[in-house]
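The next block holds one structure in the form of structure tokens; read it before the comments.
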Amino acid sequence: MLVTRYFRLLQQCARRNTPNVAKTLHAQLLKNGLHRYGPLPNTLLDAYGKCGLPGDAFSLFEEMPHRDQVSWASILTAYNQANLPRRTLSISRAILADDGLWPDHFVYASLVKACAGLGSIRLGRQVHASFLLSSFCEDDVTKSSLVDMYAKCGLPGDARAVFDSILAKNAVSWTAMVSAYARSGLKSDAMAIFESAPARSLFSWTALISGLVQSGNNVDAFHLFIDMRRDGVDIIDPLVLSSIVGACANLAMLELGKQIHGLVILLGYESCLFISNALIDTYAKCSDILGAKDIFNGMNRRDVVSWTSIIVGTAQHGQAEEALELFDKMVSTRVKPNEVTFVGLIYACSHVGLVDRGRGLFNSMIKDYGITPSLQHYTCLLDLLSRSGHLDEAENLINQMPFQPDEPTWAAFLSACKQHGKIEMAVRIADGLLSLKPEDPSTYILLSNIYARAAMWDKVANIRKLMTLMDVRKEPGYSCIDIGKEKQVFYAGETIHPMKDEIFCLLSELDAEMRRRGYVPDTSLVLHDMEQQEKEKQLFWHSERLAVAYGLLKSVPGTVIRIVKNLRVCGDCHTVLKFISAIVKREIVVRDANRYHHFKGGTCSCNDFW
DNA sequence: GTAGGGTTAG
């Protein structure tokens, strides 16, 4: 029968995700006058949604004379699938008002998913309450979606409470709970749930591994990925790979990243959009910006994430002009920039002091793209203004912006005051910042530096006392370097490394040559009130210098030396690395906590802006 | 007609 045939074809179309087939079938139904017959309108609506055509689904939905809960669930799925959670919620309010229909369990599950997508715990709790009061309150599918919603809102305890109430737990419920713990960084809880689940699958492995990457447990994620491979899990889709590629980016381990890239090629996923995007970021974060560009240039399709990743990467490596040119190309290929793109662009301007261009981009973001600036955008603009010496304009911006400045905002401003030698202004702001009771140890270090610069040693001592009192500890500075397959970590201070003597010898020789070329140690950044000679000795043993010396001794002559530092590189080391790059005629790339420095021939790619 | 795993900033 014709109706049964169309019904089957539409279902198949939804499963196979074939938008053109959906449109053809719709045309045929209209021609045959079957478009309002029985279940066909709802099935067509479902097909449009699953084929990624929410606009067509909505037109159809609006024209339907009789809408039931199935129509409702289908249009909500269409919007959820298209990642438009706001529309999902706004249309359900309209349906409730216009059609007088109450949600059933299908509708509840979709509403919860939309709240999860928004990360809105306020709305999520409202829907949860309404679900509990409804006659569908025992529905396990909706409960699984609630577990996921609480997980995405960062509330693993609430997720667990719902999980425990599920009567018949299935693979979906277990995976949602694993993900809840893993993304909150609760490693042992995540492992416990993962291991007690009745079965493991690529889904649950992916939830565990990617959750750990999201919570910053990159090394654990790697070990689990190796376990997963050992278990012989068939990687039939590439989702877990994009997480593990991201872990390489976070760890900034280039050799590891290249190995994973090899695995990606071996498994045949190198042309997958998500994977290529993750690889761009990884090569950029592993300080190999040329590798990142190779990936980007080789892609046959690029989305906003691809463009944003290459723009941000290029900007972080100090090639701001090129980042801005990439943006022009992005616009001309009609890919719409998002809020992240503008963070990258204003950041790019900030690092080369392009004040007018940065202001222009900020305004264009609002006017041309309808993006409401977030605190981060204001912080970027503030950074741009203050770094370039427009300190009064920056202070005005702080007072006028619709956000309460937070600690990083003040810290950015303060750091610029220091850079521009506005010590009085800096001390005034530092006093104010101190009263906010900052939590970040680096803020105390910054404050301490300001007071040290102003030779206010009593205040320096006071800060150090506060740090002990509040148990704020400075993270010890360290620098890593990979030579071949070996990784070395150096901490500041006299090293106990087996090559200590050679390192000391080389650094002393370099020190002598630098001084002949005019180097004067900048000891103003050393915190303690001590003798000049003692301060210079402190600087001499900074971890990045030890790592560079080791690199020079051990690496293949002529190759790039890549260092990863956990904190920001200090001003004096920055000068020293410039000198060293000229003396030894080698390129040295340092990734610090903020950005990348390519030292070559006595200059740095950051133009001394950092 | 519903629910679980993935990439970009900070």
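Chain naming here is simple, since letters A, B, ... match the order of the sequence lines and numbering starts at 1 in each.
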Problem - Given B:dG1, B:dA9, B:dA3, the nucleotide with the shortest approach to the side chain of A:Val107 - result: B:dG1
Handout entry: Whole-Å gap separating C1' (B:dG1) and CG (A:Leu10)
Key = 14 Å
Exercise for the section: Using a 4.0 Å heavy-atom cut-off across all strands, classify A:Asn80 as base, sugar-phosphate, or nothing. Expected result: nothing
Practice task
Answer yes or no: are there more than 12 heavy-atom neighbours, outside A:Glu195 itself, under 6.0 Å from its atom CD?
Solution key: yes
Handout entry: Minimum-distance nucleotide (side-chain atoms of A:Ala109 versus B:dG5, B:dG10, B:dA3)
Key = B:dA3
Handout entry: Sugar-phosphate only, base, or nothing, as touched by A:Arg183 at under 4.0 Å among non-hydrogen atoms
Key = sugar-phosphate
Problem - Test of ring centre spacing under 6.0 Å for A:Trp205 and A:Phe225 - result: no
Would you give me the side-chain donor-acceptor pairs under 3.5 Å for residues 149-156 of chain A, sequence neighbours excluded?
from     : atom 1 : to       : atom 2 : distance (Å)
A:Tyr150 : OH     : A:His128 : ND1    : 2.7
A:Lys152 : NZ     : A:Asp148 : OD1    : 3.4
A:Lys152 : NZ     : A:Asp148 : OD2    : 3.0

Exercise for the section: Give one of base, sugar-phosphate or nothing for A:Asp303, where a contact means two heavy atoms less than 4.0 Å apart. Expected result: nothing
Practice task
Using only heavy-atom distances, decide whether a donor-acceptor pair under 3.5 angstrom links the side-chain of A:Asn170 to the base of B:dA3.
Solution key: yes
Practice task
For B:dG6, take OP1 and OP2 only and decide whether either is under 4.0 Å from a side-chain N or O of A:Ser210.
Solution key: yes
Exercise for the section: Identify whether any heavy atom of A:Ser145 sits under 4.0 Å from a base atom; if not, whether one sits that close to sugar-phosphate; answer base, sugar-phosphate or nothing. Expected result: sugar-phosphate
Exercise for the section: Would you classify A:Val312 as touching base, sugar-phosphate or nothing, given that sugar-phosphate means primed atoms plus P, OP1 and OP2, and contacts are heavy atoms under 4.0 Å? Expected result: sugar-phosphate
Exercise for the section: Write down the distance between OH (A:Tyr269) and C1' (B:dG5), rounded to a whole number of angstrom. Expected result: 13 Å
Practice task
Would you indicate what A:Leu202 reaches in the nucleic acid, counting non-hydrogen atoms under 4.0 angstrom: base, sugar-phosphate, or nothing?
Solution key: base
Exercise for the section: Provide, to the nearest angstrom, the distance between the CZ atom belonging to A:Phe163 and the P atom belonging to B:dG4. Expected result: 15 Å
Handout entry: Residues that A:Lys50 engages under salt bridge (Lys or Arg N to Asp or Glu O under 4.0 Å), provided they are two or more places apart
Key = A:Asp46
Problem - Aromatic contact, A:His105 with A:Phe131 (centres under 6.0 Å) - result: no
Exercise for the section: Could you tell me whether the phosphate oxygens of B:dG4, OP1 or OP2, come under 4.0 Å of any side-chain nitrogen or oxygen in A:Lys113? Expected result: yes
Problem - Below 4.0 Å: OP1/OP2 of B:dG6 and any side-chain N or O of A:Gln214 - result: yes
Practice task
For A:Asp68, answer base if it contacts any base atom (sugar-phosphate contacts may also be present), sugar-phosphate if it contacts only those atoms, and nothing otherwise; contact means non-hydrogen atoms under 4.0 Å.
Solution key: nothing
Problem - Validation row, ring centre A:Phe342 to ring centre A:Tyr369 under 6.0 Å - result: yes
Handout entry: Rounded interatomic separation in angstrom, taking CD1 from A:Ile166 and C1' from B:dG4
Key = 11 Å
Problem - Side chain A:Asp104 and base B:dG1 donor-acceptor under 3.5 Å - result: yes
Problem - Ring centres under 6.0 angstrom apart (A:Trp72, A:Phe61) - result: no
Problem - Salt-bridge criterion met for A:Glu322 and A:Lys293 (N-O under 4.0 Å) - result: yes
Problem - Length of the line joining A:Asn277:CG and B:dT8:P, which is rounded to integer Å - result: 9 Å
Handout entry: Given B:dG4, B:dT8, B:dG1, the nucleotide with the shortest approach to the side chain of A:Ser74
Key = B:dG1
Practice task
Taking only the side-chain heavy atoms of A:Lys285 (C-beta and beyond), determine which of B:dA3, B:dG6, B:dA9 contains the nearest atom.
Solution key: B:dA9
Practice task
Scan A:Lys50 against the nucleic acid and name what it touches under 4.0 Å (heavy atoms): base, sugar-phosphate only, or nothing.
Solution key: sugar-phosphate
Fill in the blank from the handout: Out of B:dA3, B:dG5, B:dG1, minimum distance to the side chain of A:Val70 belongs to B:dG1
Exercise for the section: Please check if any side-chain donor atom of A:Thr77 sits under 3.5 Å from a side-chain acceptor atom of A:Asn80, or the reverse. Expected result: no
Problem - Gap between atoms CD1 and C1', on A:Ile310 and B:dT7 respectively (whole Å) - result: 14 Å
Handout entry: Candidate nucleotides B:dG5, B:dG4, B:dG6, ranked by approach to the side chain of A:Ala171 - the nearest
Key = B:dG4
Handout entry: Between C1' of B:dT7 and CD1 of A:Ile311, the distance in whole Å
Key = 15 Å
Exercise for the section: Mark yes or no for a side-chain to base donor-acceptor pair under 3.5 Å between A:Thr175 and B:dG4, with no hydrogen or angle criteria applied. Expected result: yes
Handout entry: Within residues 147-155 of chain A: residues closer than 4.0 Å to DNA chain B (heavy atoms)
Key = A:Asp148, A:Lys152
Fill in the blank from the handout: Whole-Å distance, A:Gln316 CD to B:dA9 P, equals 7 Å
Practice task
Taking only the side-chain heavy atoms of A:Phe203 (C-beta and beyond), determine which of B:dT2, B:dA9, B:dG5 contains the nearest atom.
Solution key: B:dG5
